Number of protein chains: 2
Amino acid sequence: MTEASEHGGATPERFGAPRGRDRTDGRGGAPGAARGRPAPPPSPRVRLVDVAREAGLSKTTVSAALNGTGRLSPEIREKARETARLMGYRPNATARQLRAGRARLIGYVVGELADTPWTFLESPYFARLTGATAATALARGYAVVLLPAGSLQSEWAALPLDAVVVADPVADDRIVEDLLAARIPVFSDRSVEGRPGAHWVDVDADAAVRQALDHFHAQGARRPVLVVPDSTTRFHREVEAAHRAWCAAHGVPERAVRVAEPGNGPVIRAVEAALGTGPERPDALLVVAEASPPLVLEAARRHGYDVPGDLLLVCVSEDETAVHTEPPVTTLSLRPDAVAEAGIAHLVAVLEQGLGETGGAMVPVRLDVRASSVRPV
Amino acid sequence: MTEASEHGGATPERFGAPRGRDRTDGRGGAPGAARGRPAPPPSPRVRLVDVAREAGLSKTTVSAALNGTGRLSPEIREKARETARLMGYRPNATARQLRAGRARLIGYVVGELADTPWTFLESPYFARLTGATAATALARGYAVVLLPAGSLQSEWAALPLDAVVVADPVADDRIVEDLLAARIPVFSDRSVEGRPGAHWVDVDADAAVRQALDHFHAQGARRPVLVVPDSTTRFHREVEAAHRAWCAAHGVPERAVRVAEPGNGPVIRAVEAALGTGPERPDALLVVAEASPPLVLEAARRHGYDVPGDLLLVCVSEDETAVHTEPPVTTLSLRPDAVAEAGIAHLVAVLEQGLGETGGAMVPVRLDVRASSVRPV
DNA sequence: TATTGATGCGGGAACGTTCCCGCACAAGAG
DNA sequence: CTCTTGTGCGGGAACGTTCCCGCATCAATA
C-alpha cells in the first residue's frame, strides 16, 4: 500500500515500439495465422508481455514481481516494477477474473414500489444502506453493481455476479426466483417469512420497540400509539408482537395503525388516523414506517397537537432533516451502516469459506433522543 | 427476447456424468499435466464444451447456435439450444468479456462531502440520478458499479471499467485525476470550469432561472430573492449570471445569498439570511440549493411569513415531500432522469463510435407549479 | 569432485469464450 | 466426369492473466 506507487508518476511514458499488433509467435503453427487486421490504432494497451519484453524478462517473472509472489531477486523484482510503472501498465482485470474463477462482483437489487421504479433509493434508509454496502464491499475487494428490480434476466445474466444483495425482500420480485434458479447466492437486509435458501441480516425488533416505549413511559406517556407497515417482513411482524407484549406487560391499551404501502403519503395518512383514534387522544406516537420527520411533525400540528407538550414523537428514520426541525425529532435508527457491514461480512464469509445454506446476523438499533420526545419541565 | 426462453424451465436438470474435473486432452502433451486437484465438488458449473459433448457437437457449433450466428441447419441449432437449456448452461460472462475486450462496466462516483462519505446519495437529486443512470445503462447493456468518492485507486483499479460517471464534479476528488491518468473516459452530470478532457451533460441554467422568475413576476412578486450554492459548477455560475441579467432586464434589485456548502443545515441558514435581508422584506424566494421543502417552509414561517400569502416559494428539488406539505411547494426539477439518459446516451456513443474528446448535451428543466408559488385570490 | 539442496527464472498450460478458417460433402454447370 | 460454388460443421488460435512445474546455476556439504 505504498502511497507513492499508488498515485505517483501516473504519466504513462511511451516506450519502444508499442507493438504493431503483429504477434508472430515463433512456432511453425497453423498456416495463414497472423494476418494484419485493419488495426485501428486507438489505444494499444500495454500488456504483461509488453512489459516483459521491454524489461528483458518473462511474463511469469513480471507477474510474480508485480504480485509480490514467487522467488525473485530484489533487483529483478524492482526492475520489473519500474518498467511496468514507466510503461503505464495496468493489469487486465477481466483476464484476472477469468483465471481466478470469480469476478468479485455482487449485484444490488433495490425493490420496486408499484410501477415507480427506484423511488426506494430516495428513502434515506436505502440510500445509506446502498452507500454503506458499496463502501464495505469495496473495502473487502468486491464491487457492487446496481440492479433495478424490474431488470430482465437478459440484462443481468450477462454479468459475472458472485452473489446478489436484495435490499427490499418485501417485493417478492421475480428476480429473486430467477437468481436462485441461476444458482446465484442471495442475501438480504431483512428476512421474509417463507422465503427459504437465502441469507439475511436482521435488526433487533424487540429491542427497538422496547427502547422507544420505555423511553415514552419514562417521560410519563401512558397512551402511546404505533404506526407500523403492514408487511410480511419479519422485522415488522416482530415489531407488532413486541408492541403487543410491551402493552400487556405495562397494562396500557394496545393501539396500532397499519400502513398498507410505503411512501410519505400513505404514512402521513396513517399518522393522522392514529392521532384521531380512540376515546382519549394519544400522548405519544411511534412511527415505525419511514416518513419525512418534518411532515410527521406538521401532521401532528394540523391535528392540534403540541410536540412535545402533549404528544411525544419518535420516528424510525435515517432522515437527516429530523435534526433541523423545531423541535428536533427523536429518531430510532435501524443502523443501515451496521446492517451493510454485517451483511457484507456474512456474504464474504459464505463466498470465501462456503458456510451453511441459510443463516443470519442480528443488528441492534439506536435511539437518538431529541426534543420531540422529551416532556418539557 | 422470447419470454419463454427467458424465464421458462429454469430447473437445471443434471445430465450424464457432470465431468469429474479430469480434463484429459487427447494430445500427448506436456508430462505431468492433469494431476487430480483436491477437487472440492461445490458446483461443477456446466461449460460450453460440456454442452457440446452432451449434444455430440463441437463447441463452435453450440456457440453459434446459442448466439444465433454461423451457418447451421435448423435441426442442429435447435438440438444445441435444447441441450443447453436442459443442462442449465449459463455462459461465463468473464470469458466473454475477455474475448470481447470490453467488460461493459461503468463506474459511478458520487461526490463526498467533507468527511461524511455517501451522504450525497441521500439527496433526492442524486438518488434519482443514480437510479436512472443504472437503469438506463443496464438497458443499453452496461452495468453500473458504485464507487465511493474516497475510494483508493487500489480498490477500483481491479475493476474492468470501460468508463466512469462522476456524479458530483464539484468535489475535485483525486479519483478523477487518477481515472484520467489511467486513460479511463470520465463523464459527468455537470461541467466544471477548468476541467478539460472530460465529457459532460448540463442543464439549462438560463431557462431555469427565467422560468422561475417569470413565474414570480406573473404572480405579482417584485422583490424576489435567490439562494444559490457558492460553487464552481458551471450550472451555478450560470444561475447567478442569469439572475443578474433577469433582474437588470426587469428593473428589480438584485438580491442573492450564497451557500458555502451543501446540506440542509447550511441551506436553511442561508434561507433565513435571505428572508431577513434588505430594507424591504422579499416577496418571493427561489432556493436553488437543494434542501428539504418542508424545512424551507418551516423556516419561512418561523420568520413570520405566510406562504403563499406574502411570500411565494420555489425550490429546486426532486424531493417528493414537496407534494405533501401544506401548502404544497412548487419545485423546479433538474430532471435527473433526463440527465442520466442524455449522459448514458453520450457515453455509449463515445465508447462505441469513439466520438470527440470533449463534448456535452443540454437538458431542460421542469417547473412543477404548486400552491406555494401561486398568489391566492 | 560428486551430491544435495536451495535459489532464480522461464515455458507453457489452463480459465471459457468467440471467431477465423479449413475441410468434407452435395449439387449444379460445363 | 470434372470443375466450381455453396452449405454445414469442427479445429484451433486468441483474449491476458496466473500458476504449476522444470531447468539451470551456485553454494554448501560429504
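All figures in this text were calculated on a predicted structure; none of them were measured in a lab. Residue numbers start from 1 in every chain, and the chains themselves are labelled A, B, ... in the order their sequence lines are given, proteins ahead of strands.
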- Item | Residue whose closest nucleotide on DNA chain D lies nearer the 5' end, B:R77 versus A:P91 |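 Its nucleotide being nearer the 5' end, the pick is B:R77.
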- Item | B:N67 side-chain N/O to B:A64 backbone N/O, donor-acceptor pair under 3.5 Å |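 A pair under 3.5 Å: no.
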Using atom [atom1] of [X] as one end and atom [atom2] of [N] as the other, report the distance to the nearest whole Å.
X: A:R53; N: C:dC9; atom1: CZ; atom2: P; answer: 20 Å
X: A:N67; N: D:dC19; atom1: CG; atom2: P; answer: 7 Å
X: B:L72; N: D:dG10; atom1: CG; atom2: P; answer: 9 Å
X: A:I76; N: C:dT7; atom1: CD1; atom2: P; answer: 17 Å
X: B:R71; N: C:dG22; atom1: CZ; atom2: C1'; answer: 11 Å
X: A:E78; N: C:dC9; atom1: CD; atom2: C1'; answer: 17 Å
X: A:Q97; N: D:dT17; atom1: CD; atom2: P; answer: 12 Å
X: A:L98; N: C:dG16; atom1: CG; atom2: P; answer: 7 Å

Nearest-nucleotide pick for [X], side chain only, options being [options]:
X: A:L48; options: D:dT18, D:dC20, C:dC19; result: D:dT18
X: B:T60; options: D:dG10, C:dG12, C:dT17; result: D:dG10
X: A:A95; options: D:dC9, D:dA14, D:dG16; result: D:dG16
X: A:Y89; options: D:dT18, C:dT17, D:dT17; result: D:dT17
X: A:R47; options: C:dG10, D:dT17, C:dG16; result: D:dT17

- Task: Indicate, with a heavy-atom threshold strictly under 4.0 Å, whether B:R96 touches base, sugar-phosphate, or nothing.
- Result: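 Sugar-phosphate: the residue B:R96, judged by heavy atoms under 4.0 Å, touches backbone atoms but no base.
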- Task: Could you check whether A:S73 gets within reach of a base, just the sugar-phosphate, or nothing at all, counting any heavy atom under 4.0 Å?
- Result: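 If one applies the 4.0 Å heavy-atom cut-off, A:S73 turns out to touch the sugar-phosphate alone, with no base involved.
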- Message: A side-chain contact here means heavy atoms from C-beta on lying under 4.5 Å apart; do A:R45 and A:R90 qualify?
- Response: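 Side-chain contact under 4.5 Å: yes.
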- Query: Hey, are the side chains of B:L159 and B:L147 touching, using non-hydrogen atoms and a 4.5 Å cut-off?
  - Reply: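 They are in contact (side-chain heavy atoms under 4.5 Å apart), so the answer is yes.
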- Message: Can you tell me how the ring of A:F187 sits relative to the ring of A:H199, calling it parallel under 30°, perpendicular over 60° and tilted otherwise?
- Response: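 It falls in the parallel class, under 30°.
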- Side-chain donor/acceptor of A:K59 to base of C:dG12, under 3.5 Å: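 Indeed, a donor on one side and an acceptor on the other fall under 3.5 Å apart.
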Answer with yes or no whether the side chains of [Y] and [X] bring together a donor and an acceptor at under 3.5 Å.
X: A:T60; Y: A:S63; answer: no
X: A:Y108; Y: A:T133; answer: no
X: B:R81; Y: B:Y89; answer: no

- Dot-bracket assigned to DNA chain D with the 3.5 Å Watson-Crick/G-U criterion, [ ] for crossing and | for other-strand pairs, is ||||||||||||||||||||||||||||||
- Message: So, does A:T61 get its side chain near the phosphate of C:dG10, meaning an N or O under 4.0 Å from OP1 or OP2?
- Response: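 Checking A:T61 against C:dG10: at least one side-chain N or O falls below 4.0 Å of OP1 or OP2.
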- Query: Counting only side-chain N and O atoms of B:S63, is one of them less than 4.0 Å from OP1 or OP2 of C:dT18?
  - Reply: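 The answer is yes; a side-chain N or O of B:S63 sits under 4.0 Å from OP1 or OP2.
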- Message: One pair to check against side chain to side chain contact (heavy atoms under 4.5 Å, CB included): A:V350 and A:V348. What are the steps and the verdict?
- Response: CA-CA 5 Å; A:V350 170; A:V348 170; over 6 Å; no
